[in-house]
**Student:** 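Below is one structure. I have some questions about it.
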Amino acid sequence: MDSIVVTGNGPLRGQIPIAGAKNACLTLMPATLLSDEPLTLTNAPRLSDIAMMGTLLQSLGAEVAQMQGGKVLALSSHALDNHVADYDIVRKMRASILVLGPMLARDGHAVVSLPGGCAIGARPVDLHLRALEALGAELDLRDGYVHAKAPGGLRGGTFEFPLVSVGATENALMAATLARGTTVLKNAAREPEIADLARCLRKMGARIEGEGTSTLTIEGVARLGGATHAVVPDRIELGTYMIAPAICGGEVECLGGRIDLVQAFCDALDRAGITVAETEAGLKVTRGDGPVRATDVATEPFPGFPTDLQAQMMALMCTAEGTSLLEERIFENRFMHAPELMRMGARIDVQGGTATVTGVDRLKGAPVMATDLRASVSLILAGLAAEGETTVHRVYHLDRGYESVEEKLRNVGAKIERISGQ
Ligand code: UD1
């Protein structure tokens with residue numbers, strides 16, 4: 001298994017290009033299952049999770065071709081010959097559950113393995129299932145699989161999500177596009193990746209209103225066609241690289257970055273004393289001479305502070321002046337980076353869903369272990385600001401969600417290298 005070695009090397013300067021959003025691409029790809037015409041996605045990120053979704057779609061009989069080195073994905077589901085999403089793939093990637101709604105909506109049946117828990121919490125899929133039931137799906141849970149049927153096709157219905165779920169909103173939205181009649185999804189997630197999905201579905205012929213708000217209204221159509229769609233920029237990759245100059249000093253321009261994707265995060269950076277400016281090409285982040293100020297944040301569904309940036313924010317707060325409270329309100333077990341950061345000299349006290357972080361002058365390099373995707377990158381960020389060398393073990397998580405991370409950071413002056421097989 002690869003490791004990444006990072007050595008604290010002073011301020012960072014330069015530009016970092018931001019890729020298309022992993023989480024948008026992971027929901028746009030299954031949208032191919034709704035149509036027998038081709039779906040072309042441009043600005044796709046080159047990540048192992050995207051390859052995994054490709055493998056899953058191929059296992060169902062879809063064609064998946066990568067062009068331009070993986071930046072363009074040509075998808076076609078004109079000849080689906082399998083409606084079973086196998087446990088072996090689903091257990092490796094939770095987003096696999098997103099094939100359920102589209103397959104069921106188009107062909108009236110689907111069998112999808114239940115994903116099981118993951119490192120950051122139990123993460124059930126009950127809301128995905130309840131929303132599909134509200135559209136007339138008949139579900140049977142057997143042998144670890146959801147067996148779903150909609151013999152006469154799905155029909156429009158109203159469903160109010162008891163809590164905001166990104167994935168469940170996506171599954172229900174895709175399914176509703178081909179349901180007979182009108183569907184109203186209340187308390188829907190408002191993440192930019194869902195608005196991106198809605199835009200793509202509309203290009204395919206879907207009738208959707210309200211994306212970006214908490215009520216989605218979908219008028220079902222008989223069939224959807226093909227489309228070409230550019231994946232929205234990755235706001236989590238963007239936020240991650242915005243932390244890099246904040247924690248190391250210097251100035252980095254994130255190319256393709258948009259403030260509307262990361263407003264709550266930028267507000268937090270502003271409170272911490274970090275300057276973010278819009279440029280023609282993206283967002284420029286500057287850390288002045290003063291210290292980073294301790295800043296409290298609580299994670300929330302969009303437009304609140306994203307849970308996927310909590311670990312990176314914690315790395316920043318580890319060297320801030322004063323004590324900050326970081327509250328995790330989305331996942332029950334998402335502080336596994338805290339003990340690893342403490343191995344680097346951070347002062348963190350975790351009580352339930354709240355971490356109290358007291359800044360130290362300087363972190364110290366240490367061997368640490370990556371536990372999940374965002375935890376991995378928070379340890380790299382911490383290593384960039386630490387004295388000496390930090391080795392992050394088990395970095396395969398990183399390749400799921402960050403394209404060319406070493407190259408992007410090296411180009412702005414970081415000392416970072418990958419060691420294969422350790
Ligand atoms: C998506 C993102 C993930 C991000 C998360 C929250 C993708 C591929 N992943 O995950 O990176 O961290 O949004 O912004 O887009 N829940 C239930 N029942 C359900 C579904 C969810 O109880 O059926 C709970 C979850 O356990 C969690 C909360 O709802 O506590 C939010 O989860 P959700 O928004 O569904 O996250 P994902 O779509 O899995």
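Numbers here are sequence positions counted from 1. Indexing begins at 1, ligand by ligand and atom by atom, following the structure's order.
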**Student:** Under 3.5 Å between any N/O of Gly167 and any N/O of ligand 1: does that happen in this structure?
**Tutor:**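 For ligand 1, there is an N or O atom that lies under 3.5 Å from one belonging to Gly167.
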**Student:** Evaluate Val166 for polar contact with ligand 1, using N/O atom pairs at a separation under 3.5 Å.
**Tutor:**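 Right, the criterion is met.
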**Student:** Could you tell me whether some N/O pair between Lys22 and ligand 1 is separated by less than 3.5 angstrom?
**Tutor:** no
**Student:** Applying a 4.0 Å heavy-atom criterion (strictly less than), which segment of Leu129 is in contact with ligand 1: side chain, backbone, both, or neither?
**Tutor:**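 No part of Leu129 is near ligand 1 at this cut-off.
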**Student:** So is there a nitrogen or oxygen of Ile330 less than 3.5 Å from a nitrogen or oxygen in ligand 1?
**Tutor:** yes
**Student:** Identify whether the distance between the nearest side-chain nitrogen and carboxylate oxygen of Arg418 and Asp399 falls below 4.0 Å.
**Tutor:** yes
**Student:** Salt bridge or not for Arg223 and Asp36, using N-O below 4.0 Å?
**Tutor:**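 Answer for the salt bridge query: yes.
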**Student:** Quick one: which of Leu373, Asn171, Asp308 has a heavy atom closest to atom 4 (C) of ligand 1?
**Tutor:**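 Selected option, by shortest heavy-atom distance: Asp308.
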**Student:** Of the backbone atoms (N, CA, C, O) and the side-chain heavy atoms from C-beta on, which set of Arg334 has a member under 4.0 Å from an atom of ligand 1: side chain, backbone, both, or neither?
**Tutor:**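 Just the side chain.
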**Student:** Is Glu138 atom CD crowded by more than 12 heavy atoms from other residues, nucleotides or ligands, each under 6.0 Å away?
**Tutor:**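 Result for CD/Glu138: enclosed.
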**Student:** So, are Glu328 and Arg334 salt-bridged, with charged N and O less than 4.0 Å apart?
**Tutor:** no
**Student:** Show the atoms of ligand 1 that are less than 4.0 angstrom away from any heavy atom in Thr307.
**Tutor:** 6 (C), 12 (O), 14 (O)
**Student:** Can you confirm whether the side chains of His393 and Asp2 place a donor and an acceptor under 3.5 Å from each other?
**Tutor:**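 There is no such pair (donor and acceptor under 3.5 Å, judged by atom type) between the side chains of His393 and Asp2.
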**Student:** Taking N or O atoms only and a 3.5 Å limit, does Glu332 qualify as a polar contact for ligand 1?
**Tutor:** no
**Student:** Answer yes when Arg258 and Glu278 have at least one side-chain N-carboxylate O distance shorter than 4.0 Å, and no when they do not.
**Tutor:** no
**Student:** So, Glu237 and Lys22, do they make that salt bridge, N to O below 4.0 Å?
**Tutor:**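 Salt bridge absent between Glu237 and Lys22.
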**Student:** For ligand 1, which atoms have a heavy atom of His128 less than 4.0 angstrom away?
**Tutor:**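 Taking each heavy atom of His128 in turn, ligand 1 has 23 (O) under 4.0 Å.
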**Student:** Tell me which one of Leu381, Thr299, Val297, Val357 satisfies side chain to side chain contact (heavy atoms under 4.5 Å, CB included) with Met313.
**Tutor:**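 Output: one option passes, namely Val297.
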**Student:** Cut-off 3.5 Å, side chains only: do His78 and Glu63 have a donor facing an acceptor?
**Tutor:** yes
**Student:** Would Ala95 count as being in polar contact with ligand 1, using the rule that some N or O on each side must be under 3.5 angstrom apart?
**Tutor:** no
**Student:** Given that the side chain starts at C-beta and the backbone is N, CA, C, O, which of these parts of Pro124 lies under 4.0 Å from ligand 1, counting heavy atoms, or is it both or neither?
**Tutor:**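 The answer is both, backbone and side chain.
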**Student:** Please say whether Glu191 places an N or O atom under 3.5 Å from an N or O atom belonging to ligand 1.
**Tutor:** no
**Student:** Are any of the N/O atoms in Ser165 less than 3.5 Å from those in ligand 1?
**Tutor:**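 In this structure, Ser165 places an N or O atom under 3.5 Å from an N or O of ligand 1.
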**Student:** Under 4.0 Å, heavy-atom basis, I'd like to know which part of Leu127 is in contact with ligand 1: side chain, backbone, both or neither.
**Tutor:** both
**Student:** Are Glu300 and Arg329 close enough for a salt bridge, meaning some N to O gap below 4.0 Å?
**Tutor:** yes
